[in-house]
Amino acid sequence: MIIVWGSIEALGGSLEEVTRLSLEHVRRSRTEPGCISHSVQADVENPSRLIFFEEWQDMVALQTHFAVPESGQFVQQVSELAAAPPDIKIFESTPVG
């Protein structure tokens, strides 16, 4: 399984739009083949920051997700509303036991 963790900090006044775009992205992504989970949460220590957590069946599913035009549009749109470039980390999980 592939785990993706990401975050974005909205510029002042843009949090509502970043949240709207993020929810659209998450809901669309959940319907993609290989998506196990996809969520966005508010950072309680930094109210301008959103945290993303995703689980994908494998790297092929994640790469397919990244290739979806709407995924690229989402990144472009929120990047324009962000205080800094979005942060993303990708991990591969191996079964225990």
A.B. asks: Indicate if V75 and L23 have the same hydrophobic cluster label, given that clusters are the connected sets of ILVMFWY residues with side-chain heavy-atom separations under 4.5 angstrom.
C.D. replies: yes

A.B. asks: Check the surroundings of atom CZ in R30: do more than 12 heavy atoms from other residues, nucleotides or ligands lie under 6.0 Å from it?
C.D. replies: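 More than 12 heavy atoms, drawn from other residues, nucleotides or ligands, come within 6.0 Å of this atom.
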
A.B. asks: Which residues satisfy the side chain to side chain donor-acceptor pair (under 3.5 Å) test with S39, sequence neighbours excluded?
C.D. replies: Q41

A.B. asks: Linking directly or through intermediates, with side-chain heavy atoms under 4.5 Å: list the remaining ILVMFWY members grouped with M1, chain and number order.
C.D. replies: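 Noted: M1 shares its cluster with I36.
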
A.B. asks: Can you run down the side chain to side chain donor-acceptor pair (under 3.5 Å) pairs that involve residues 74-85, sequence neighbours left out, and say none if there aren't any?
C.D. replies: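 Of all non-adjacent pairs touching residues 74-85, none passes side chain to side chain donor-acceptor pair (under 3.5 Å).
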
A.B. asks: So which residues get pulled into V60's cluster when ILVMFWY side chains under 4.5 Å apart are joined, directly or through others?
C.D. replies: none

A.B. asks: With salt bridge (Lys or Arg N to Asp or Glu O under 4.0 Å) as the rule and sequence neighbours excluded, what pairs involving residues 50-78 come up?
C.D. replies: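 Listed once each, the pairs would be none.
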
A.B. asks: How close do V40 and S22 get, heavy atom to heavy atom, and via which atoms?
C.D. replies: CG2-CB, 4.2 Å

A.B. asks: Quick one: are F52 and I8 in side-chain contact, heavy atoms under 4.5 Å?
C.D. replies: yes

A.B. asks: Kindly write out the residues that satisfy salt bridge (charged side-chain N to carboxylate O under 4.0 Å, His left out) with R28, not counting sequence neighbours, or none if the list is empty.
C.D. replies: E32

A.B. asks: Could you state the interatomic distance from SG (C35) to CH2 (W56), rounded to the nearest 0.5 Å?
C.D. replies: 4.0 Å

A.B. asks: What are the two closest non-hydrogen atoms of P47 and L15, and how far apart are they?
C.D. replies: O-CD2, 3.1 Å

A.B. asks: Donor-acceptor pairs are to be reported for all side-chain atoms of residues 86-97 against protein atoms at under 3.5 Å, with residues two or more places apart or in another chain.
C.D. replies:
| unit_1 | atom_1 | unit_2 | atom_2 | d |
| --- | --- | --- | --- | --- |
| D87 | OD1 | K89 | NZ | 3.3 |
| D87 | OD2 | K89 | NZ | 3.0 |

A.B. asks: Under the salt bridge (Lys or Arg N to Asp or Glu O under 4.0 Å) definition, can you give me all pairs with a residue in residues 9-20, not counting sequence neighbours?
C.D. replies: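 Matches after skipping sequence neighbours: E17-R20, R20-E24.
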
A.B. asks: Please list all pairs passing the salt bridge (Lys or Arg N to Asp or Glu O under 4.0 Å) test where one or both residues lie in residues 33-45, with sequence neighbours left out.
C.D. replies: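 Checked against salt bridge (Lys or Arg N to Asp or Glu O under 4.0 Å) - neighbours excluded - the pairs reaching residues 33-45 are D43-R49.
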
A.B. asks: Work out which heavy atom in A10 is nearest to a heavy atom in V18; give both atom names and the distance.
C.D. replies: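 Result for this residue pair: CB-CG2, 3.9 Å.
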
A.B. asks: Within the 4.5 Å heavy-atom criterion, are L81 and L21 side-chain neighbours or not?
C.D. replies: yes

A.B. asks: Do any pairs count as a ring-ring contact (aromatic ring centres under 6.0 Å, His included) and have a residue in residues 10-50, sequence neighbours left out, and if so which ones?
C.D. replies: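 Sorted pair list: H25-H38, H25-H65, H25-F74, H38-H65.
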
A.B. asks: Locate the shortest heavy-atom distance separating G34 from A61; write the atom from each residue and the value.
C.D. replies: CA-CB, 3.8 Å

